[in-house]
Amino acid sequence: MAPEAELYDAIGADYTATRREDPRLAAAVQAALGDAASVINVGAGAGAYEPCDRRVVAVEPAARMIAQRARNAAPVIVAHAEALPFADDSFDAAMAVLSDHHWQDRARGLCEMRRVSRSRAVLFTWDQDFREEFWLTRDYLTAFAGLPGGMLLRQIAGHLGATRIEPYAIPHDFCDGFLAAYWRRPHAYLDPRVRAGISVFHRLPAAHVHEALARLAADLQSGRWHERNAALLNEDEHDLGYRILIADYPVLPRPSEPLR
């Protein structure tokens, strides 16, 4: 079993309790997909952000995540991003939402998205250059910087063939509880149910996480966190490096069509 399947089979028992589709990001993903009628969702998880008005096929390796998909969700294929079981140009578009950093071979998975797409690929991902911009990873989860699998945004864009990179600032009341979703709600990270849906807390050494949370709790009680991050409390949304990458692929003439 590949690492991403092992991780989410281990932590995904109650994943949808805190990892729910936020309608604002869903609208942005929908817009980025353009007029694509058929879509493959790579690393689909429990099905968040899958458009309901198009033909969607989901790809997900973790059985525990598949079990949490809604009854009316798109059909799901058990497979990995690095080896999509589809022919070239099988879909109008490919999409992935915060799954690429878990793929065993990220470059290959991105190239696979490109291979099976006729015209477009849409990727919601994170720019690791923003690691020091987020107070949780900068001041508390400092071991985050040493996690393997990082890739520069320009490299991600290159493998995908992205032609556009759009910043996505996270609203303060964002309801999809990924790592930086609670940037203005620091007490949330002290909730084990919130942490259960964030893979970083499971990838870091338990002792480091325990010590980091103890310091966060102390800083919240003393008011030190608020002193350090007072400016954030006046922001409605915050750019923490999340990006929507859009790749447009040229539609080449079929061999039987004359070049003009």
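Nothing fancy with the numbering, it's 1 onward along the sequence. Reckoned from all heavy atoms, side chains included, excluding hydrogens, waters and symmetry mates.
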Answer whether the closest heavy-atom distance between the side chains of [X] and [Y] falls below 4.5 Å.
X	Y	answer
Y49	L98	no
L136	L179	yes
F91	V39	no
L153	D129	no
R120	L33	no
L240	W183	yes

With side-chain contact (heavy atoms from CB on, under 4.5 Å) as the test, would you mind laying out the steps for R20 and D176 before giving the verdict? CA-CA 5 Å; R20 298 183 297 274; D176 185 355; 5.8 Å; no
N/O donor-acceptor pair under 3.5 Å between [X] side chain and [Y] backbone:
X	Y	result
R243	W126	no
S90	A87	yes
H208	A143	yes
T137	R131	yes
E60	G45	yes
R108	W103	no
Q68	A46	no
Y189	Y182	yes
H172	E235	no
E112	L84	yes

Distance-minimising heavy-atom pair for [X] and [Y]:
X	Y	answer
A26	E21	CB-OE2, 3.6 Å
A96	N41	CA-OD1, 4.2 Å
P186	L216	O-CD2, 4.0 Å
I40	V116	CG2-CG2, 3.9 Å
I170	A181	CG2-CA, 4.3 Å
V78	P61	CG1-O, 4.2 Å

[X] atom [atom1], neighbour heavy-atom count above 12 within 6.0 Å:
X	atom1	answer
R193	CZ	no
D53	CG	yes
E132	CD	yes

Start with the C-alpha gap between I244 and F124, add the side-chain angles, then the distance that decides, and say whether side-chain contact (heavy atoms from CB on, under 4.5 Å) holds. CA-CA 5 Å; I244 298 175; F124 182 65; 3.7 Å; yes
Under the criterion side-chain hydrogen bond (donor to acceptor under 3.5 Å, both in side chains), I'd like the reasoning laid out for D127 against Y242: C-alpha separation, chi angles, the key distance, then a yes or no. CA-CA 6 Å; D127 181 355; Y242 291 89; over 6 Å; no
In Å, rounded to the nearest 0.5 Å, how long is the span from [atom1] of [X] to [atom2] of [Y]?
X	Y	atom1	atom2	answer
R154	I156	CZ	CD1	11.0 Å
C175	R19	SG	CZ	11.0 Å
S117	L160	OG	CG	8.0 Å
I246	R164	CD1	CZ	4.0 Å
Y249	S119	OH	OG	9.5 Å
L123	S99	CG	OG	7.5 Å

For R69, which residues count as a salt bridge (Lys or Arg N to Asp or Glu O under 4.0 Å) partner, sequence neighbours excluded?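 R69 satisfies salt bridge (Lys or Arg N to Asp or Glu O under 4.0 Å) with E50 only.
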Could you tell me whether [X] and [Y] have a side-chain N and a carboxylate O separated by less than 4.0 Å?
X	Y	value
R118	D92	yes
D88	R115	yes
R215	E211	yes

Residues S38, R54; criterion side-chain contact (heavy atoms from CB on, under 4.5 Å); working and verdict: CA-CA 6 Å; S38 60; R54 313 172 196 234; over 6 Å; no
Exercise answer: donor-acceptor pairs, residues 223-232 side-chain atoms, under 3.5 Å, sequence neighbours excluded:
residue : atom : partner : partner atom : Å
N229    : ND2  : W225    : O            : 3.0

Check for me, please, whether Y140 and V194 land in the same ILVMFWY cluster - side-chain distances under 4.5 Å, paths through other members count.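 Linked within one cluster.
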Polar contact flag, side-chain donor to acceptor under 3.5 angstrom, T125-H101: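 T125 vs H101: no donor-acceptor pair found between side chains.
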For a salt bridge (Lys or Arg N to Asp or Glu O under 4.0 Å) with D173, tell me which candidate from R24, R185, R184 qualifies.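 It is R24; the other options fail the test.
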Between M151 and H159, is a side-chain contact (heavy atoms from CB on, under 4.5 Å) present by the stated rule, with each step listed? CA-CA 11 Å; M151 183 179 282; H159 291 301; 3.9 Å; yes
Centroid-centroid distance, F144 to W135, less than 6.0 Å: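 Centroid distance F144-W135: not below 6.0 Å, so no.
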Measure up the Y168 and F174 rings against each other and bin them: parallel (under 30°), tilted (30 to 60°), perpendicular (over 60°).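 Taking F174 first and then Y168, their aromatic rings stand perpendicular (interplane angle over 60°).
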Kindly give the cluster partners of L152, where membership spreads through any ILVMFWY side chain lying under 4.5 Å from a current member.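 Noted: L152 shares its cluster with no other residue.
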